[in-house]
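Worksheet: one structure, shown below.
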Amino acid sequence: MKINVIIIDKKGKDNLYAGLIEHYKKIAKPFAKVEVIEVFDKEIAKAQDISPEAAQKSYTKALEKYLDSGINIALDPSSKEVDSHEFANLLKDSVQVNLFIGGAYGFERDFLTKCNNSISFGKITLSHKLVKVVLMEQIFRGLTINHNHPYHK
Ligand SMILES: C[S@@+](CC[C@H](N)C(=O)[O-])C[C@H]1O[C@@H](n2cnc3c(N)ncnc32)[C@H](O)[C@@H]1O
């Protein structure tokens, strides 16, 4: 199984969280290959200086090409809240799952409607970098739930 975490973020090592991301990638390996794909370009940088709407549009444009294969799930604080078991269920029986984390201005509705699902991890807004860590832990937890591995207990 392949799981892609696709995030609006500048490429490069993040000293604060990189160790945790690598840790979860490694321990998830028996169940799935988890890849983190950072997406950022000049158009996004420029649009973020113009308006929230322009920023959201630039995120859609940059992320659309990743929607082509697999199940697409956007992380969005105002969408349906899921618990760990519901999240695990979304990962079940798929060859490829793409999980999208938005930029500073979140997603435009148009992008959310193009995804198979949009989910929230609760009403609080987390920074996109912190969401990435939480998501990696939930991916591992979900995989262990689906494989009846004792970690999730
Ligand atoms: C800084 S937040 C964007 C906040 C923006 N005002 C919004 O409402 O989406 C950056 C990204 O982190 C993710 N995120 C933050 N908090 C979240 C939560 N509670 N549940 C799910 N995703 C979250 C979303 O993908 C969001 O687009």
Side-chain angles (χ1 to χ4, degrees), residues 1-28 32-143:
M1 179 187 190
K2 179 85 197 293
I3 299 178
N4 295 318
V5 172
I6 302 150
I7 177 167
I8 297 290
D9 197 11
K10 289 184 183 134
K11 284 191 180 66
K13 276 259 170 193
D14 175 339
N15 292 332
L16 258 186
Y17 305 115
L20 274 172
I21 303 292
E22 288 312 310
H23 169 71
Y24 286 116
K25 267 195 211 173
K26 193 173 159 192
I27 60 175
K33 182 173 167 41
V34 184
E35 197 183 342
V36 178
I37 302 165
E38 283 122 349
V39 177
F40 203 86
D41 57 26
K42 280 182 190 154
E43 221 174 295
I44 294 174
K46 208 170 142 191
Q48 289 190 141
D49 285 339
I50 297 172
S51 68
E53 293 73 25
Q56 288 179 347
K57 271 200 186 315
S58 72
Y59 304 154
T60 300
K61 197 173 164 198
L63 294 176
E64 258 171 354
K65 63 171 181 255
Y66 296 98
L67 293 169
D68 281 354
S69 46
I71 299 291
N72 299 302
I73 303 170
L75 268 72
D76 171 51
S78 53
S79 287
K80 183 187 178 293
E81 275 181 51
V82 290
D83 66 25
S84 297
H85 286 267
E86 287 164 333
F87 180 69
N89 218 23
L90 292 173
L91 302 181
K92 237 182 199 168
D93 306 326
S94 295
V95 176
Q96 183 175 320
V97 178
N98 305 313
L99 292 149
F100 294 90
I101 300 174
Y105 297 98
F107 292 113
E108 66 169 344
R109 192 113 311 267
D110 188 46
F111 183 79
L112 296 179
T113 57
K114 283 178 180 159
C115 289
N116 302 87
N117 231 314
S118 57
I119 58 166
S120 168
F121 283 156
K123 287 183 181 123
I124 53 166
T125 301
L126 297 156
S127 77
H128 61 295
K129 284 191 195 296
L130 204 48
V131 147
K132 186 166 63 171
V133 177
V134 173
L135 176 59
M136 293 297 284
E137 197 275 340
Q138 287 301 302
I139 289 170
F140 179 63
R141 185 173 293 278
L143 291 168

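Only this structure's heavy atoms are used, side chains among them; waters, hydrogens and symmetry mates stay out.
Annotation: the span from Leu75 atom CG to Ser120 atom OG amounts to 8.0 Å, rounded to 0.5 Å. Atom CD of Glu108 is separated from atom NZ of Lys114 by 7.5 Å, given to the nearest 0.5 angstrom. For the atom pair CD1 of Ile71 and OG of Ser94, the computed distance is 4.5 Å after rounding to the nearest 0.5 Å. Summarising the geometry, atom CG belonging to Leu130 is positioned 11.5 Å from atom OG1 belonging to Thr125; distances are rounded to the nearest 0.5 Å. For the atom pair CD of Gln56 and CG of Leu112, the computed distance is 8.5 Å after rounding to the nearest 0.5 Å. Between atom CZ of residue Phe40 and atom NZ of residue Lys10 there is a gap of 4.5 Å, rounded to the nearest 0.5 Å.
A salt bridge is defined here as a Lys NZ or Arg NE, NH1 or NH2 lying under 4.0 Å from an Asp or Glu carboxylate O, and Glu22 with Lys25 meets this definition.
For the pair Asn72/Tyr66, no side-chain contact is recorded, criterion being any heavy-atom separation below 4.5 Å from C-beta on. Side-chain contact check for Glu81 versus Lys123: some heavy-atom pair is nearer than 4.5 Å. Side chains of Ile44 and Gln48 form a contact here, defined as non-hydrogen atoms less than 4.5 Å apart. A 4.5 Å side-chain heavy-atom check between Cys115 and Leu67 finds at least one atom pair inside the cut-off. At a threshold of 4.5 Å between non-hydrogen side-chain atoms, the residues Val134 and Phe121 count as touching. Between Asn116 and Ile73, every side-chain heavy-atom pair lies at or beyond the 4.5 Å cut-off. For the pair Ile139 and Val97, the minimum side-chain heavy-atom distance is 4.5 Å or more. The side-chain heavy atoms of Lys57 and Thr60, taken from C-beta on, include no pair separated by under 4.5 Å.
In terms of heavy-atom proximity, Gly106 sits nearest to Tyr59 at O-CD1, 3.2 Å. Scanning all heavy atoms of the two residues, the minimum distance from Asn98 to Gln96 falls at OD1-NE2, 3.0 Å. The two residues Ile3 and Ala32 have their closest heavy-atom pair at CD1-CB, 4.1 Å. The minimum heavy-atom distance between Ser79 and Ile119, with the atom names listed, is CB-N, 3.9 Å. Residue Lys132 comes nearest to Ile101 through the heavy atom pair CA-CD1, 3.7 Å, listed as atom of the first residue, atom of the second, then distance. The two residues Lys80 and Glu86 make their nearest non-hydrogen contact at NZ-OE2, 4.0 Å.
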Item to complete: Could you walk me through whether Gln138 and Tyr24 pass side chain to side chain donor-acceptor pair (under 3.5 Å), step by step?
Response: CA-CA 10 Å; Gln138 287 301 302; Tyr24 286 116; over 6 Å; no
Worksheet entry | Worked check of side chain to side chain contact (heavy atoms under 4.5 Å, CB included) between Phe87 and Leu135 | CA-CA 10 Å; Phe87 180 69; Leu135 176 59; 3.8 Å; yes
Discussion item. For Leu63 and Ile8: C-alpha separation, side-chain torsions, deciding distance, then whether side chain to side chain contact (heavy atoms under 4.5 Å, CB included) applies.
Written reply: CA-CA 8 Å; Leu63 294 176; Ile8 297 290; 3.9 Å; yes
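Residue Lys26 places its NZ atom among 12 or fewer non-hydrogen atoms of other residues, nucleotides or ligands, all under 6.0 Å distant.
When each of Leu99, Asp9, Val5 is tested with Val36 by the rule side-chain contact (heavy atoms from CB on, under 4.5 Å), just one qualifies, namely Val5.
Phe100 has its ring centre less than 6.0 Å from the ring centre of Phe111.
Of the possible donor and acceptor atoms, one in the side chain of Asp83 sits under 3.5 Å from a partner among the backbone N and O of His85.
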